[in-house]
Participant: 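Got a structure here, written out as structure tokens. Questions coming.
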Amino acid sequence: EEEEDDDDLEGLEDEEEEDGDGDACPAGCEASLYDQVCELREKRADLEDALAELTKTSEALKKERDAMSKKDKAVDTALKQVEAEIQSFQTFKQQRLNEINVVVALKMHQIKCLVDGK
């Protein structure tokens with residue numbers, strides 16, 4: 001049945017194109033049915049336009065997301081490198097601080113002598 005309906009609709013479209021007047025109801029067709037078909041065609045055209053716009057927007061957003069993803073990876077790489085450099089500097093700084101000789105004054109009760117670990 002659907003194929004027959006599609007064939008009928010295609011036939012109507014062909015007749016409209018031949019007549020050159022899209023608003024004329026073809027012979028043997030009810031005017032209300034023809035009006036409904038016209039309204040449905042308009043809705044379909046509007047929906048197709050909206051779908052095309054949404055598809056275009058979606059593609060643009062995907063491209064933007066991909067670009068942001070690449071930037072995110074680059075920033076993460078740079079961050080890891082900077083963190084490694086900071087850690088290396090902190091280690092170097094601590095090593096240099098450990099080389100400084102410091103004099104500490106102790107009182108006698110702070111000193112213990114251990115013999116054989118006791």
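When a residue number appears, it is its place in the shown sequence, counting from 1.
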Participant: Would a hydrophobic clustering, with Ile, Leu, Val, Met, Phe, Trp and Tyr connected at side-chain separations under 4.5 Å, put I100 with F92?
Facilitator: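 I100 does not cluster with F92.
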
Participant: Atom CD in E99, atom CD in Q94: separation rounded to 0.5 Å?
Facilitator: 11.0 Å

Participant: With a cut-off of 6.0 Å (strictly less than), are more than 12 heavy atoms of other residues, nucleotides or ligands near CD of E85?
Facilitator: yes

Participant: Roughly how far apart are C25 SG and D35 CG, rounded to 0.5 Å?
Facilitator: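 These two atoms lie 7.5 Å from each other.
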
Participant: If you apply the rule side chain to side chain contact (heavy atoms under 4.5 Å, CB included), what do you find for E83 with I86, and how did you get there?
Facilitator: CA-CA 5 Å; E83 287 175 344; I86 289 172; 5.5 Å; no

Participant: Mind checking who shares a hydrophobic cluster with L79, ILVMFWY linked at side-chain heavy-atom distances under 4.5 Å?
Facilitator: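 Noted: L79 shares its cluster with no other residue.
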
Participant: Is it possible for you to say whether I111 and V103 belong to one hydrophobic cluster, with membership spreading through side-chain heavy-atom contacts below 4.5 Å?
Facilitator: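 Result: no, two separate clusters.
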
Participant: Under 3.5 Å, sequence neighbours excluded: what are the donor-acceptor pairs made by side chains of residues 46-67?
Facilitator:
unit_1 : atom_1 : unit_2 : atom_2 : d
T55    : OG1    : L51    : O      : 2.8
T57    : OG1    : E53    : O      : 2.9

Participant: Is it the case that K107 and Q110 place a side-chain donor and acceptor less than 3.5 Å from each other?
Facilitator: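 The criterion, which ignores hydrogens and geometry beyond distance, is not satisfied for Q110 and K107.
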
